[in-house]
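Have a look at the structure below, then the notes.
Small disclaimer: the values here were computed from a predicted structure and weren't measured.
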Amino acid sequence: MAVISLAKGQKVDLTKTNPGLSNVIVGLGWDVNKYDGGKDFDLDASVFLLDESGKVKGGEDFVFYNNTTGANGAVVHTGDNLTGDGDGDDEQVKVSIKEVPNHIQKIAFTVTIHEAETRNQNFGMVSNAFIRVVDADSNAELVRFDLGEDFSIETAVVVGELYRHNGEWKFSAVGSGYQGGLAALCNDFGLQVG
């Protein structure tokens, strides 16, 4: 089966075109451009588990390197990559889509730059960013979205979303940048941070 390569804003059916699909791995990857700011460049994948209003119910619906499991174990962040070195996925999230509780209508996958403002870093310094959805049982890549180089001053990006539609799961290539880093994302998704 051919990988479906998406452009920003495109949506694709996952479960309707792949009957029996139950476990996916969402891989996120990136490279850091030549950077001589003298500070480490650490990007972090985070996941927001959203209800029909597009908000989290609480902190338990925010999955990241310090809270690696959500949705009653149906969503698992596999760990923090501090450098982004190497090929392939830099961070992964495993999703058992059939086990996701019914109140969760959308799963938003984001990437933020750790301490971006104090380190004077932004997504203009990042290249080759992508998100891909893999069938965990067959290891076949189903969907891929390469973000391109559309960002300059942003410090956070909503990369893509898995969402329910008429009893099926779909994937949307979002690619929306934010200033204000993780705090701005948390506030938008209904999670109050300090």
Side-chain angles (χ1 to χ4, degrees), residues 1-31 43-56 61-64 70-78 81 84 87-112 123 126-151 154 156-178 185 188-189:
M1 187 175 132
V3 176
I4 299 172
S5 188
L6 299 179
K8 182 175 177 171
Q10 285 188 303
K11 298 171 173 40
V12 66
D13 234 318
L14 282 179
T15 52
K16 198 174 194 179
T17 53
N18 299 285
L21 183 67
S22 58
N23 298 301
V24 297
I25 297 169
V26 177
L28 298 112
W30 51 80
D31 292 319
L43 278 73
D44 296 314
S46 302
V47 182
F48 293 89
L49 308 173
L50 309 172
D51 63 18
E52 63 281 343
S53 71
K55 305 288 184 195
V56 297
D61 288 340
F62 174 45
V63 177
F64 67 113
N72 297 333
V75 177
V76 178
H77 189 302
T78 62
N81 177 330
D87 293 330
D89 300 339
D90 289 308
E91 294 188 13
Q92 292 183 330
V93 179
K94 296 178 179 176
V95 182
S96 300
I97 52 180
K98 291 183 177 176
E99 305 299 319
V100 174
N102 287 334
H103 78 276
I104 297 170
Q105 293 296 304
K106 187 182 290 182
I107 303 171
F109 297 89
T110 69
V111 177
T112 57
F123 272 95
V126 176
S127 60
N128 304 321
F130 67 86
I131 184 170
R132 67 192 193 113
V133 180
V134 176
D135 181 337
D137 298 321
S138 70
N139 211 28
E141 185 173 296
L142 304 174
V143 179
R144 184 180 183 95
F145 170 44
D146 292 298
L147 268 71
E149 312 297 318
D150 297 339
F151 305 103
E154 294 84 355
V157 177
V158 177
V159 185
E161 297 171 338
L162 286 173
Y163 66 99
R164 295 182 201 260
H165 181 73
N166 293 335
E168 302 285 353
W169 281 96
K170 292 186 167 198
F171 178 80
S172 174
V174 179
S176 293
Y178 282 71
L185 284 177
D188 260 22
F189 289 131

Check step by step if side-chain contact (heavy atoms from CB on, under 4.5 Å) holds for L162 and F109. CA-CA 8 Å; L162 286 173; F109 297 89; 3.9 Å; yes
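- By the 4.5 Å heavy-atom criterion applied to side chains, K11 and Y163 are counted as neighbours.
- Between the CD1 atom in I104 and the CD1 atom in I97 there is a gap of 13.5 Å [rounded to 0.5 Å].
- Applying the side-chain hydrogen bond (donor to acceptor under 3.5 Å, both in side chains) test to residues at least two apart or on different chains, the pairs with a partner in residues 96-108 are N23-S96.
- The side-chain heavy atoms of L50 and V56, taken from C-beta on, include a pair separated by under 4.5 Å.
- Judged purely by atom type and a 3.5 angstrom limit, D146 has no side-chain atom pairing as donor or acceptor with the backbone of G148.
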Would you check, one step at a time, whether the test side-chain contact (heavy atoms from CB on, under 4.5 Å) holds for D135 with V24? CA-CA 5 Å; D135 181 337; V24 297; 5.7 Å; no
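- Between L49 and A71, the shortest heavy-atom distance links the atoms CD1-N, 3.5 Å.
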Starting from the C-alpha separation in whole Å, work towards a yes-or-no answer on side-chain contact (heavy atoms from CB on, under 4.5 Å) for N139 and V134. CA-CA 6 Å; N139 211 28; V134 176; 3.8 Å; yes
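- Heavy-atom minimum distance, A136 versus I25: CB-CG1, 3.9 Å.
- A donor-acceptor pair under 3.5 Å is absent between the side-chain atoms of S172 and the main chain of E161, judged by distance alone.
- Of the inter-residue distances, the one linking Q92 atom CD with L28 atom CG reads 9.0 Å to the nearest 0.5 angstrom.
- Between the CG atom in D137 and the CG atom in N18 there is a gap of 11.5 Å [rounded to 0.5 Å].
- Between the side chain of N128 and the main chain of D31, no donor-acceptor pair closer than 3.5 Å is present.
- Judged by distance alone, the side chain of T15 and the main-chain N or O of W169 form a donor-acceptor pair under 3.5 Å.
- Heavy atoms of other residues, nucleotides or ligands lying less than 6.0 angstrom from NZ of K55 number more than 12.
- Atoms CZ and CG, from F130 and L147 in turn, are 10.5 Å apart once rounded to the nearest 0.5 Å.
- Here Y178 contributes atom OH and F151 contributes atom CZ; the two are 11.5 Å apart, rounded to the nearest 0.5 Å.
- Listed for the H77 side chain is a donor-acceptor partner under 3.5 Å among the backbone atoms of A45.
- At a threshold of 4.5 Å between non-hydrogen side-chain atoms, the residues V95 and I107 count as touching.
- One finds a salt bridge joining R132 and E141 here, because a Lys/Arg side-chain nitrogen approaches an Asp/Glu carboxylate oxygen to under 4.0 Å.
- The shortest side-chain heavy-atom distance between R164 and V100 falls under the 4.5 Å cut-off.
- You'll find the side chain of F171 reaches within 4.5 Å of the side chain of I131, heavy atoms only.
- Side-chain atoms of V133 and F145, non-hydrogen and from C-beta on, never get closer than 4.5 Å to each other.
- Smallest separation of non-hydrogen atoms from L14 and T17: O-OG1, 3.5 Å.
- Minimum heavy-atom separation, A156 to T112: CB-CG2, 3.6 Å.
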For a side-chain contact (heavy atoms from CB on, under 4.5 Å) check, start with the C-alpha distance between L142 and L21, then their side-chain angles and the critical distance, and finish with the verdict. CA-CA 11 Å; L142 304 174; L21 183 67; 3.9 Å; yes
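- Note: F189 CZ to F62 CZ = 10.5 Å, rounded to the nearest 0.5 Å.
- Within 6.0 Å of the NZ atom in K8, the count of heavy atoms belonging to other residues, nucleotides or ligands exceeds 12.
- The two residues K94 and T78 make their nearest non-hydrogen contact at CE-CG2, 3.8 Å.
- Nearest heavy-atom pair, P101 versus N72, reported as atom, atom and distance to 0.1 Å: CG-ND2, 3.6 Å.
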